[in-house]
A.B. asks: 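What follows is a single structure, and I will ask about it in a moment.
Start at 1 with the first residue, then count along the sequence.
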Amino acid sequence: GAALLAWRILLALGLPGAWIAAALFAVHPVQVESVAWITERKNVLSGFFYLASALAYLRFAGYTAGRPRQWSVYLLALVLFAAALLSKSVTASLPAALLLVVWWKKGRVWGGDIWPLLPFVALGVAAGLHTAWLERAHVGAEGAEWTWSALERGLMAARALVFYAGKLAWPHPLIFMYPRWDVSAGIWWWYAFPLLVLGVFALLWRQRATWGRGPLVAALFFAGTLLPALGFFNIYPMRYTLVADHYQYLACLGPLAVAGAALARLGGGTTAGAAAAVLLALGTLAWNRGVVFHSAETLWVDTVTRNPASWMAHNNLGLLRAQQGRWASAIESYEAALALRPRSPETLTNLGMALLAQDKPAEALVRHREAVALNPDYSEGWNNLGITQARSGDAASAVASFRKALQLRPHYPDLYLHLAHAYLALGRVSDAMASYRQALVQRPGWPEAANNLAWLLVAAPDPALRNPAKAVELAEWACTATQYRDVHALDTLGAAYAAVGRFKDAIFIAERAERAARATGDNALAARVQARLAGYRAGRPVTP
């Protein structure tokens, strides 16, 4: 859809080779990351709305068939632009791109060309500022990784422009996480990049009478659309890479439009043959690149193969191995990441959890303590330290760690669950019940928290803490949420029914729980349920 819109826009603007440029946009390998990586679905969605808005605005401005200044079309363009911003705020550059088109076609820009775009500018600025605030305040795009001077950011931006243009001309190798450059104003060869960029723009400006304004407009569109990702603004991925293929999803339309026009000017059958050869080559590369995004495993294995210096890729491969239960391989990946970045709290705590899974709590504690020492505001580090302390039998220290994590992240339901477990280990039943209730406030209807709280409402040692009627309500909810398949939820519901005197229902549910436990091979749990079932048949509820 986006490629068809691009073709229609270029055709309406009278660009030779519009179909070639649109086809290049559709099949170029640098686009694979935007199309095949599900996280960047927002890129393609925002691009579609961006191009649809541009086409509607050009119709309003009189560049396509139809009467100019149709305000219904203008409103459509504005709504589509808002949809683009809500998909991804990087599309905020559209008003500037439309003014470039005006200058390209007219050779000048007057007030009548500018004022209709002011609402677009206002929306774009608002969306851009909001995203910049989110990146810093919530995503975490600030700190030691972003301490470049203004000069260094300029050098970085110039090198990034050269990098992206180079990947369009020669898309190999393409890497999900490219090596992170060490930007330094003290290294002389870094200054070659801004000199090259300025030289290209100076040449295009000087030759605009001979070559036309098109190549200059394409270059300005390329640089302007890439501007948010060039390093002038902090974005979180800069922690591990300064460039990424998906950043130039829309920006590449400028150079590709020039390439399409150049191929079209070959004339006759030569144009079709050359275009077919280029598209076939690029399409083959794109097909091969797409295979990398088949799964998380293929993606991270390819990334560490092509960029073995990427600590983040090794860390993420370790996370994947951990999810697969391949703990030895996960530890190997985490250690590779730490060899590249020894002071990474995330990797240290990930390694700690892998060591804990291999029943090495003492080693795990060392890693978790290192993580929180490096970053005392790292809530996940405190949480994992608490889990490890609880597993080590130190429930008091676990409570302290969980409470520290909650100070940093008060709306994280898992923390309340972990804290409740630690309180129970200390015999602080009332505190545990309060924590379960908080977990349910943060995640309403959470089956695990509902079930655990229901059990305590039935079997708390202190009669003042019991509430069998509320226990029935919570246990029924837990069973419904788990489709009456969770043995523990069934066991709790049976106990709750017995506590309110519904022994017939308790017997029915307990028999179901016993069958479910035996079906899973948990004979110990089945025996406990069977013992309670005998009590229900004798008219006895569960006793604390």
Side-chain angles (χ1 to χ4, degrees), residues 322 345-346 348-467 470-471 474-475 478 486-489 491-492 495 524-525 528 542 544:
E346 298 94 334
L348 283 165
T349 195
N350 290 341
L351 176 57
M353 295 308 289
L355 291 167
L356 182 62
Q358 288 214 312
D359 200 25
K360 298 178 180 178
E363 294 179 45
L365 282 171
V366 172
R367 296 303 188 177
H368 292 313
R369 286 179 177 133
E370 288 178 20
V372 295
L374 285 169
N375 183 3
D377 296 330
Y378 183 33
S379 63
E380 190 64 24
W382 286 106
N383 176 48
N384 291 343
L385 174 58
I387 291 172
T388 305
Q389 289 167 331
R391 283 275 299 273
S392 303
D394 187 0
S397 295
V399 165
S401 294
F402 292 137
R403 291 178 66 86
K404 175 65 175 178
L406 280 169
Q407 291 174 10
L408 299 166
R409 195 175 179 184
H411 303 297
Y412 187 25
D414 293 68
L415 282 170
Y416 289 103
L417 190 74
H418 298 158
L419 179 59
H421 295 339
Y423 278 141
L424 282 178
L426 293 173
R428 296 168 60 178
V429 178
S430 177
D431 290 330
M433 294 174 74
S435 292
Y436 284 134
R437 289 189 178 99
Q438 279 297 319
L440 288 169
V441 168
Q442 302 303 326
R443 187 183 297 173
W446 189 9
E448 186 176 358
N451 176 71
N452 292 351
L453 178 57
W455 182 263
L456 292 178
L457 290 170
V458 170
D462 183 354
L465 297 175
R466 298 177 209 158
N467 187 341
K470 183 64 175 178
L474 290 168
D486 184 274
V487 180
H488 296 283
D491 186 25
T492 301
L525 178 57
R528 291 197 297 271
V542 170

A.B. asks: Taking the side chain as every heavy atom from C-beta outward, state whether Asp486 and Glu448 have any pair of such atoms under 4.5 Å apart.
C.D. replies: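 When only atoms from C-beta onward are counted, Glu448 and Asp486 do not touch, as no gap falls below 4.5 Å.
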
A.B. asks: Can you give me the closest heavy-atom contact between Leu408 and Pro376, atom names plus distance?
C.D. replies: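 That would be CD1-O, 3.6 Å.
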
A.B. asks: Between His488 and Trp455, is there a side-chain heavy-atom distance shorter than 4.5 Å?
C.D. replies: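 No; the side chains remain at least 4.5 Å from each other.
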
A.B. asks: Rounded to the nearest 0.5 Å, how far does CH2 of Trp382 lie from OG of Ser401?
C.D. replies: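 It is 6.0 Å, given to the nearest 0.5 Å.
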
A.B. asks: Do the non-hydrogen side-chain atoms of Leu525 and Val487 ever get within less than 4.5 Å of each other?
C.D. replies: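 A side-chain contact exists here, since the closest heavy-atom pair is under 4.5 Å.
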
A.B. asks: Does the side chain of Gln389 reach to within under 4.5 Å of the side chain of His368, using non-hydrogen atoms?
C.D. replies: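 The answer is no; the side chains never approach within 4.5 Å.
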
A.B. asks: For residues Pro461 and Val429, determine if any side-chain heavy atom of one lies less than 4.5 Å from a side-chain heavy atom of the other.
C.D. replies: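 Yes, close enough: below the 4.5 Å cut-off.
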
A.B. asks: Is there side-chain contact between Arg437 and Tyr416, with heavy atoms separated by less than 4.5 Å?
C.D. replies: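 Not touching, per the 4.5 Å side-chain cut-off.
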
A.B. asks: Taking side chain as C-beta onward, heavy atoms only, is Asp414 less than 4.5 Å from Arg443?
C.D. replies: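 Touching, per the 4.5 Å side-chain cut-off.
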
A.B. asks: Let's go through Glu370 and Thr349 carefully: what are the C-alpha distance in whole Å and the side-chain angles of both, what is the deciding distance for side-chain contact (heavy atoms from CB on, under 4.5 Å) to 0.1 Å, and is it a yes or a no?
C.D. replies: CA-CA 8 Å; Glu370 288 178 20; Thr349 195; over 6 Å; no

A.B. asks: Enter the distance from Leu457:CG to Lys470:NZ here, rounded to the nearest 0.5 Å.
C.D. replies: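 Nearest 0.5 Å value for the CG-NZ distance: 8.5 Å.
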
A.B. asks: According to the interplanar angle, ranging from 0 to 90°, do the rings of Tyr436 and His421 count as parallel (below 30°), tilted (30 to 60°) or perpendicular (above 60°)?
C.D. replies: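 If you compare the ring of Tyr436 with that of His421, the planes turn out perpendicular.
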
A.B. asks: Between Arg367 and Asn384, is there a side-chain heavy-atom distance shorter than 4.5 Å?
C.D. replies: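 A side-chain contact under 4.5 Å is absent here.
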
A.B. asks: At their closest point, which heavy atom of Ala489 faces which heavy atom of Asn451, and how far apart are they?
C.D. replies: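 Looking at all heavy atoms of both residues, the closest pair is CA-OD1, 3.2 Å.
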
A.B. asks: At what distance, to the nearest 0.5 angstrom, does CG of Leu365 lie from OG of Ser397?
C.D. replies: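 The CG atom of Leu365 sits 9.0 Å away from the OG atom of Ser397.
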
A.B. asks: For Arg391, what residues pass the salt bridge (charged side-chain N to carboxylate O under 4.0 Å, His left out) criterion, not counting sequence neighbours?
C.D. replies: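 Arg391 satisfies salt bridge (charged side-chain N to carboxylate O under 4.0 Å, His left out) with no residue once adjacent residues are dropped.
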
A.B. asks: What distance separates Leu474 CG from Trp446 CH2, expressed to the nearest 0.5 Å?
C.D. replies: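 Spacing of CG (Leu474) from CH2 (Trp446) equals 14.0 Å.
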
A.B. asks: Between CG of Asn467 and CG of Leu456, what distance do you get to the nearest 0.5 Å?
C.D. replies: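 The CG atom of Asn467 sits 12.0 Å away from the CG atom of Leu456.
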
A.B. asks: Nearest 0.5 Å please: distance from the CG atom of Leu356 over to the CG atom of Leu351.
C.D. replies: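 Going from CG on Leu356 over to CG on Leu351, the span is 11.0 Å.
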
A.B. asks: Might you point out which heavy atoms bring Ala398 and Ala422 nearest each other, and give the distance in Å?
C.D. replies: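 Shortest heavy-atom contact: CB-CB, 4.3 Å.
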
